[in-house]
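Notes follow the structure.
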Amino acid sequence: MDKNLSLFIKSLESLNETIDGASINEAGFQAHGWNQVHLTKEQVSYVISNQISKLKSYGDKEVTKGFSTAINSHIEKIDLLNTNSKSYFNNNASHLLHSVPGILLTLQVIFSDIDYELFSYENIKDKKLLPRGLAVRLRSTKANLDKIDESSGSLKEKIDIINEAHEAAESLPTDLASLQEAKRELTALISAANTELNSTKKELSSLKEETPKFR
């Protein structure tokens, strides 16, 4: 296990021993008034012990650069919490009113940073920390999503073709009308040309008949 991670776990274990050893009303902090945190000493201990178990499960995997950068500061804060808790985490109402929120808030911030660095999805995937069954399901889900993404591209092309066909269909009546008008104009031109041609033929025939014949 990483040296700094091991030191951090030891600091948490020391703090947890202080919490467990404190003499606190079993009914919880709220026994001292409505303005106290509505938890018990055991529940604060659970928060710490659960994090310790999670960190131990990380094992010998390589820690992130962000973890290595921040861990010394986190250890110092946990050690300071431990020192203060030995003096102020007790069955004194005024002490509990300030010490309990201080402990919980500090732990929340530190644990959030640790979880982000060590237990983000990308990190636990790379370190193979996911349970085997879950890892298989995630890979299967990712493969299905990739297939959907691929098929969506083909579907988009089909939709574009359909839209183009609709646009062509909508303009079809206008195109047919244009063709029909052009056909009428062409027919009229051909008729006029035929008429002109027949007239010309008649004139040529008349001229031919009027022209004197020479032997």
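All values derive from a computational prediction rather than experimental measurement. Computation of the quantities below employed the complete heavy-atom set of this structure, encompassing side-chain atoms and omitting hydrogens, waters and symmetry-equivalent molecules. Along the sequence shown, residues carry numbers from 1.
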| L39 vs V100, side chain to side chain contact (heavy atoms under 4.5 Å, CB included): CA-CA, chis, key distance, verdict | CA-CA 9 Å; L39 295 173; V100 175; 5.7 Å; no
| task | For the pair D20 and S45, evaluate side-chain hydrogen bond (donor to acceptor under 3.5 Å, both in side chains) and give the outcome as yes or no after the intermediate values. | result | CA-CA 7 Å; D20 287 338; S45 177; 2.8 Å; yes
| field | side chain to side chain contact (heavy atoms under 4.5 Å, CB included) assessment of Q51 paired with I114 | value | CA-CA 10 Å; Q51 186 71 16; I114 297 297; 4.0 Å; yes
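In this structure, T106 contributes its side chain and G102 its backbone to a donor-acceptor pair below 3.5 Å. In terms of modelled atom types and a separation under 3.5 Å, the side chain of S112 and the main chain of Q108 share no donor-acceptor contact. Proximity of a side-chain donor or acceptor of D60 to a complementary backbone N or O of M1 within less than 3.5 Å is detected. Of the possible polar contacts, one joining the K41 side chain to the A22 backbone as a donor-acceptor pair under 3.5 Å is found. When atom types are taken as modelled, the side chain of Q36 and the backbone of G33 share no donor-acceptor pair closer than 3.5 angstrom. Side chain of T195 to backbone of S191: a donor-acceptor contact under 3.5 angstrom is found.
Atom NZ of K77 is separated from atom CG of L81 by 10.0 Å, given to the nearest 0.5 angstrom. Between the CG atom in L55 and the CG atom in D2 there is a gap of 11.0 Å [rounded to 0.5 Å]. Interatomic distance, L96 CG to Q30 CD, rounded to the nearest 0.5 Å: 11.0 Å. Separation of atoms CD (E76) and CD1 (I71) is listed at 10.5 Å; rounding is to 0.5 Å. Between atom CG of residue N90 and atom CG of residue N25 there is a gap of 12.5 Å, rounded to the nearest 0.5 Å. With rounding to the nearest 0.5 Å, the separation of OG in S85 from CG in L80 is 9.0 Å.
Here the shortest heavy-atom pairing between I19 and V44 reads CG2-CG1, 4.2 Å. The shortest heavy-atom contact between V47 and F111 is O-CE1, 3.8 Å. When all heavy atoms are compared, the tightest approach of I75 to N4 is CD1-O, 3.9 Å. Across every non-hydrogen atom of S94 and N92, the tightest pair is OG-OD1, 2.6 Å. Nearest heavy-atom pair across I48 and L12 is CG2-O, 3.6 Å. Across all non-hydrogen atoms, the minimal contact from L118 to Y58 is O-CE1, 3.4 Å.
In this model, no donor atom of one side chain and acceptor atom of the other lie less than 3.5 Å apart for N82 and E17. In this model, a donor atom of one side chain and an acceptor atom of the other lie less than 3.5 Å apart for H32 and N91.
Between F8 and H74, the ring planes lie tilted relative to each other; the angle falls in the 30° to 60° range.
S68 meets the side-chain contact (heavy atoms from CB on, under 4.5 Å) test with V63; sequence neighbours excluded. With sequence neighbours excluded, no residue forms a side-chain contact (heavy atoms from CB on, under 4.5 Å) with H98.
L7 and F67 fall within the same hydrophobic cluster, defined by Ile, Leu, Val, Met, Phe, Trp and Tyr side-chain heavy atoms under 4.5 Å apart, directly or through other members.
Looking at F29 and L97, their side chains never come closer than 4.5 Å, going by heavy atoms from C-beta outward.
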